[in-house]
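Note sheet for the following structure.
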Amino acid sequence: MSTSGDNNDGSGFGTRAIHAGQRPDPSTGAIMTPVYLTSTYVQEAPNVNQGYDYARVANPTRSALEGNLASLEGTSDCICFGSGVGAIDAVMKSLNPGDRVVAGNDLYGGSFRLFKKVYEKFGVIYDIVDLTDIDALKSALQKPTRLVWFETPSNPLLRIVDLQRVSELAHEAGAQVAVDNTFATPFLQRPVEHGVDLVMHSTTKYIGGHSDVVGGAVCTSDQIWVEDLRFQIKTSGAIPGPMDCFLLLRGTKTLHVRMERHCQNARVVAEFLKGHALVDRVYYPGFEDHPGHDVAARQMSDFGGMLSFTLKGDRMEDALKVLSGTSVFSLAESLGGVESLIDHPASMTHASVPKEDRLKAGLKETLIRLSVGIEDAADLVADLEAALAAVG
Ligand SMILES: *Cc1c(COP(=O)(O)O)cnc(C)c1O
């Protein structure tokens, strides 16, 4: 069955966020997509069915979510998974031993772990490259390359990679391009419009938006990849449950409204931190002196809700005081929910990256990452002000 974004009819993002992939339930008129809690589907005769035969392969609640996300990313298809790493895993599993992946050097820690601890063992080759450095990319692409994999904005340093330039160079070299678009969401950035082949999401984050579900997705219009990924879902089975799909569909209905507020609040918080005497650097692509600002302004419609900062003096104990001194910001891994979170990459989200690689990538021990929520900005600033005052 098709999961293509059937509401991709020229209507605006907000309209598609609410309606794409969904229609009132034909049997009752229920406006919300039902949670189809079923493992199998009755067939009229062998292989005569309504497009569904077994729920590992497809489920109508999941199909609605896939249609919705495909429409938002502007792709023909989307394949949903039980987690973000499940989605990355399915992409990597479609490669062959000996295939080479050029991966960005500032990635979600779990992506590194999957690449280095699982897929290298099966003969996939990973070269970690700073993709903000076009010369480094060019030289990496001199060896045969199957896929270029990266995040922009990256995690946790909010570095910006030029989607169009990387896609052009990769394609010239015969490679394809996959982007983890979790931080930006399709509201702020649609990588396929810049030539990217595969767009991956941890839907756990902004797409779900309420910190109550774990999920992943890959959006693409490349029919070979669509077939490969559908084969992976059917064969390896990393499926999301129907209730999870329902929660994600509920999340996307407000994605555009939430993202606007996340972006507004992040700017206020970034400006506050930039002016604070104890703060060394603020990593926020919305600042004109951020090295990726111009590229971000070109490929994103706003600068997102994530930012990181370091403290002067680089004393880890100071960072720990800030991390345990906030009360509106909760100390937790993850990001993208309505509530603000504070995180210490070196000991939490990026602890699986070896320390020497972490420091090489510029991830200091006092680096603090914020997922700025949609509470009142004044309360967020007051909370950080109080936590920083404890450092003194
Ligand atoms: C969280 C995250 C992932 C992994 O997704 P899960 O849903 O936790 O499996 C991948 N990439 C990025 C950028 C993330 O933030």
Over 12 foreign heavy atoms within 6.0 Å of CD, Glu288 = no
Do Ser340 and Glu375 have side-chain N/O donor and acceptor atoms under 3.5 Å apart?
-> yes
Using a 4.5 Å cut-off on heavy atoms from C-beta on, say whether the side chain of Val101 contacts that of Arg146.
-> no
Are Pro186 and Phe13 close enough that some pair of their side-chain heavy atoms sits under 4.5 Å apart?
-> yes
Ring centre gap for Tyr126 and Tyr119 strictly below 6.0 Å | no
Indicate yes or no for a side-chain donor-acceptor contact from Thr235 to the backbone of Phe231 under 3.5 Å, with no hydrogens or angles considered.
-> yes
Distance in Å, Leu65 CG paired with Leu249 CG, rounded so as to fall on 0.5 Å steps | 4.5 Å
Hey, are the side chains of Tyr52 and Thr38 touching, using non-hydrogen atoms and a 4.5 Å cut-off?
-> no
Sidechain-backbone polar pair: His344 side chain, Ala346 backbone, donor-acceptor under 3.5 Å | no
Gap between atom NE2 of His19 and atom NZ of Lys253 - 0.5 Å precision | 7.0 Å
May I ask you to check whether over 12 heavy atoms, not counting those of Ile224, lie within 6.0 Å of atom CD1?
-> no
Let me see the working for Thr220 and Asp222 under side chain to side chain donor-acceptor pair (under 3.5 Å), right down to the final yes or no.
-> CA-CA 6 Å; Thr220 182; Asp222 180 322; 5.4 Å; no
Using the salt bridge (Lys or Arg N to Asp or Glu O under 4.0 Å) rule, take Asp318 and Arg315 through it: C-alpha gap first, then chi angles, then the decisive distance, then the call.
-> CA-CA 6 Å; Asp318 290 347; Arg315 281 183 302 272; 3.1 Å; yes
Joint hydrophobic cluster, Leu188 plus Val161, side-chain heavy atoms closer than 4.5 Å = no
Which is it for His293 and Phe303 under the ring-ring contact (aromatic ring centres under 6.0 Å, His included) test, yes or no, and what are the steps along the way?
-> CA-CA 9 Å; His293 176 77; Phe303 301 100; 5.2 Å; yes
Check: Tyr206 ring centroid to His262 ring centroid under 6.0 Å = yes
With side chains defined as the heavy atoms from C-beta onward, is the minimum distance between Gln22 and Asn68 less than 4.5 Å?
-> yes
Verify the distance criterion only: is there a donor paired with an acceptor across the side chains of Gln223 and Ser76 at less than 3.5 Å?
-> yes
So, for Thr185 and His201, which heavy atoms are closest and what is the spacing to 0.1 Å?
-> CA-CE1, 4.0 Å
Side-chain donor or acceptor of Thr252 paired with backbone N/O of Leu255 under 3.5 Å = no
Shortest non-hydrogen contact from Val179 to Pro191?
-> CG1-CG, 4.1 Å
Residues Leu158 and Pro153: closest non-hydrogen pair is CD1-CB, 3.7 Å
Ignoring hydrogens and angles, state whether a donor on the side chain of Ser211 or Glu339 is under 3.5 Å from an acceptor on the partner side chain.
-> yes
Backbone N/O of Met316 and side chain of Glu365: donor-acceptor pair under 3.5 Å | no
With a 4.5 Å heavy-atom cut-off, do Ile368 and Thr310 have their side chains touching?
-> no
Residue pair Pro60 / Tyr41, side-chain heavy-atom distance below 4.5 Å = yes
Could you tell me whether Lys355 atom NZ has more than 12 heavy atoms of other residues or ligands within 6.0 Å of it?
-> no
Using the side chain to side chain donor-acceptor pair (under 3.5 Å) rule, take Asn155 and Arg369 through it: C-alpha gap first, then chi angles, then the decisive distance, then the call.
-> CA-CA 9 Å; Asn155 179 3; Arg369 189 188 78 179; 2.9 Å; yes
Is the backbone of Ala238 close enough, under 3.5 Å, to the side chain of Gln232 for a donor and an acceptor to pair up by distance?
-> no
Side-chain donor or acceptor of Arg258 paired with backbone N/O of Gly251 under 3.5 Å | yes
List the steps, then state whether salt bridge (Lys or Arg N to Asp or Glu O under 4.0 Å) holds for Asp244 with Arg62.
-> CA-CA 9 Å; Asp244 294 348; Arg62 197 201 319 167; over 6 Å; no
Give a yes or no on this: more than 12 heavy atoms of other residues, nucleotides or ligands lie within 6.0 Å of atom CD of Glu317.
-> yes
Take atom CD of Glu227 as the centre, draw a 6.0 Å sphere, and report whether it contains more than 12 heavy atoms from other residues, nucleotides or ligands.
-> no
Should Thr152 and Gln189 be marked as a side chain to side chain donor-acceptor pair (under 3.5 Å) after you check the CA-CA gap, both sets of side-chain angles, and the distance that decides it?
-> CA-CA 9 Å; Thr152 181; Gln189 166 176 285; 4.8 Å; no
For Lys205 and Gly337, indicate whether the former's side chain and the latter's backbone hold a donor-acceptor pair under 3.5 Å.
-> no
Hey, any chance Phe246 and Ile18 share a hydrophobic cluster, counting ILVMFWY side chains that come within less than 4.5 Å of each other, even indirectly?
-> no
Separation of Leu131 CG from Arg165 CZ (nearest 0.5 Å) = 13.0 Å
Working to the nearest 0.5 Å, report the span between CE of Met300 and CG of Leu163.
-> 9.5 Å
Please lay out, stage by stage, how His171 and Asp197 fare under the test side chain to side chain donor-acceptor pair (under 3.5 Å).
-> CA-CA 10 Å; His171 290 158; Asp197 302 287; 2.8 Å; yes
Give the minimum heavy-atom separation between Gly304 and Ala266, together with the two atoms involved.
-> O-CB, 3.4 Å
Got a second to check how far Arg281's CZ is from Lys312's NZ, nearest 0.5 Å?
-> 13.5 Å
Taking all non-hydrogen atoms of both residues into account, name the closest pair between Asn265 and Leu380 and its distance.
-> ND2-CD1, 3.9 Å
Lys274 NZ/CZ over Tyr284 ring centroid, <6.0 Å and within 45° of normal = no
For Asp343 and Glu333, indicate whether the former's side chain and the latter's backbone hold a donor-acceptor pair under 3.5 Å.
-> no
Counting N and O atoms only, with roles assigned by atom type, does the side chain of Ser236 sit under 3.5 Å from a partner on the main chain of Ile233, one being a donor and the other an acceptor?
-> no
Could you tell me whether Lys116 sits above the aromatic face of Phe122, with NZ or CZ closer than 6.0 angstrom to the six-membered ring centre and within 45 degrees of the axis?
-> no
Other residues, nucleotides, ligands: >12 heavy atoms within 6.0 Å of Arg100 CZ = yes
When hydrophobic residues are tied together by side-chain contacts of less than 4.5 Å, even through go-betweens, does Val129 share a cluster with Val295?
-> no
Closest non-hydrogen atom pair between Ser308 and Leu367, with its separation = CB-CD1, 3.9 Å
Stepwise salt bridge (Lys or Arg N to Asp or Glu O under 4.0 Å) check, Glu271 with Arg267 = CA-CA 6 Å; Glu271 270 160 11; Arg267 174 169 289 283; 3.4 Å; yes
CG-SG distance between Leu69 and Cys219, expressed to the nearest 0.5 angstrom | 5.5 Å
Side-chain heavy-atom pair Met306, Val372 within 4.5 angstrom cut-off | no
Do Ser94 and Asp228 get their side chains close enough for a donor-acceptor pair, meaning under 3.5 Å?
-> no
Got a donor-acceptor contact below 3.5 angstrom from the Gln43 side chain to the Asn47 backbone?
-> yes
Between Glu151 and Asn181, do the side chains contain an N or O donor and an N or O acceptor separated by less than 3.5 Å?
-> no
Does the side chain of Ile88 reach to within under 4.5 Å of the side chain of Trp149, using non-hydrogen atoms?
-> yes
